[in-house]
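What follows is a single structure, written as structure tokens, with notes after it.
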Amino acid sequence: MKKLYRLVGAAGMSFRAFGVTVGVRVNDARTLACLDHSLPPGSRPHAAPRVNRLYSFYLNRREQRRGLRQFHTLYCDHLILHRSENEADLYEEFEKDVDSYVASTSSTRLFVHAGVVAWNGRAIIIPGRSYSGKTTLVAEFLRRGGTYYSDEFAVFDRRGFVHPFSRPLGLRMNSTDKQIRKPASEFGSAAGLLPLPVALVILTEYKKSASWNPQPISAGRGVLGLLANSLSARANPKRAFEILTRATEKSCILHGARGEAKEVVRSVEKKFGIRSLCYQENNLRLG
Amino acid sequence: MTNQINPLKPKRIEALTREFHDELLVYDGEKHKAHCLNKTAAVVWLECRGDATVPEIAKKLEGYFHSSDDTLVRLSVAKLRKAGLLEKTEAVLDGRESLNRRDVLKRIRLMAVVALPLVTTMLVPLPAAAASCFPLLHTCSSGVQCCSGRCGLSGLRLVCLP
């Protein structure tokens with residue numbers, strides 16, 4: 001660690017996001033300005049003698065020599081996280097890793113992998129992992145007037161309210177793995193600011209040629225669907241249960257495969273309030 | 001075959017629980033599984049203390065099921081066992097263990113009042129498995145980080161492989 005410090009001791013800073021303190025050291029002070037957009041949404045500068053995790057950027061900006069490849073290196077604590085000839089790759093890796101770290105270790109919030117939009121002052125949660133189509137669905141809600149909260153994480157507080165985690169949407173184009181980042185404004189939406197209660201949880205996955213015919217399910221089973229996408233439930237299941245039951249106390253949970261996102265959004269637009277679909281409202285019995 | 005020497009006395013596992021509306025959420029910390037039990041399954045599970053046979057449990061719950069027939073309790077115990085919510089034991093239910101839905105429906109007279117037991121189970125993932133996965137050829141350190149599930153050598157680097 002001392003050897004690493006000698007390399008990256010030029011400048012540094014620390015910040016706090018959702019109760020997690022992270023430090024960054026660099027070998028070139030200009031790098032700190034480049035990191036502004038990569039910090040987790042809601043981060044605040046926080047001077048701390050000790051941090052939960054320390055990232056170190058070693059950017060090799062020496063004059064290029066013929067025949068020699070010039071790598072930049074990102075360290076996470078004392079381990080190499082990423083090496084690349086392209087500086088931007090390091091910022092991207094830093095962003096992914098720090099988001100993931102904050103999400104899985106925050107003690108003040110429960111993170112669930114999900115898209116979130118605000119609709120008529122309440123939140124719609126779309127849990128799902130990569131390639132489930134949640135960003136596409138979020139984008140469609142935004143086009144139809146929803147307010148953007150996140151396409152990556154639903155961030156729940158102890159009351160079960162959901163907070164924004166607004167990075168630009170990462171849309172995959174033409175079934176490739178490459179993501180293209182687009183701000184919410186490109187979809188005619190602003191980013192939300194206030195914590196919101198949850199109105200609707202949509203447990204769905206894109207399937208080609210599927211038609212949207214969701215079934216309402218019980219709140220308990222809805223909690224399971226959220227737990228299956230939560231990042232810290234194993235570490236503290238009691239807290240996860242408490243928060244997710246509060247979050248879904250008065251919400252509707254829908255489950256079903258979907259085809260085109262427009263179909264889903266039209267259905268929600270038409271029936272929002274969706275009292276006729278609510279499990280709780282209809283006292284449906286399962287089994 | 002009836003096991004009269006060692007009748008089954010189902011015992012529920014130690015687990016974190018939370019009542020939620022009419023359901024019971026159960027978290028098995030050993031297997032990292034979360035379960036949702038509907039009212040019928042929950043009532044039976046809570047009675048599984050390891051000190052009563054299935055007919056005895058049915059007798060205790062006669063007021064709830066409006067019947068002394070133990071079919072619903074048997075079905076519940078079978079489902080709870082399958083979900084891993086009861087401690088493992090060598091004792092078995094008697095010859096009526098293989099219940100099917102039609103048998104149950106025939107036996108239960110008051111279906112309008114009581115629901116069949118329902119147990120839904122979900123595996124609670126590790127943080128890496130719950131987060132976004134890496135695409136092909138992305139640097140990785142383990143398979144759970146990759147969308148493909150495979151992390152291997154490509155040249156001198158560990159990357160996500162197809």
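Proteins come first, then strands; the chains are lettered A, B, ... in the order of their sequence lines, and each starts at number 1. All figures in this text were calculated on a predicted structure; none of them were measured in a lab.
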Minimum-distance pair of heavy atoms, taken over all atoms of Leu227(A) and Pro125(B): O-CD, 3.7 Å
Contacting region of Val26(B) [heavy-atom separation from chain A under 4.5 Å]: backbone
More than 12 heavy atoms of other groups within 6.0 Å of Gln70(A) CD: yes
Exercise: identify the closest heavy-atom pair between Val223(A) and Leu25(B): CG1-CD1, 3.9 Å
For Glu23(B) against Ser218(A), the heavy-atom pair lying closest together: OE2-OG, 2.6 Å
Heavy-atom pair with the smallest gap, counting every atom of Met122(B) and Ala228(A): CG-CB, 3.5 Å
Engaged part of Tyr27(B) at the chain A interface, taking heavy atoms whose separation is under 4.5 Å: both
Minimum heavy-atom distance between Ala34(B) and Leu224(A), given as atom pair plus value: CB-CD2, 3.6 Å
Ring pair (Phe, Tyr, Trp, His ring centres under 6.0 Å) involving Phe94(A) - partner list, sequence neighbours excluded: Tyr55(A), Phe57(A)
For Glu242(A), all residues meeting side-chain contact (heavy atoms from CB on, under 4.5 Å), sequence neighbours excluded: Lys238(A), Arg246(A), Arg18(B)
Closest approach of Val124(B) to Ala233(A) (non-hydrogen atoms, all atoms of both residues): CG1-CB, 3.6 Å
Side chain to side chain, Thr17(B) and Phe241(A), heavy atoms closer than 4.5 Å: no
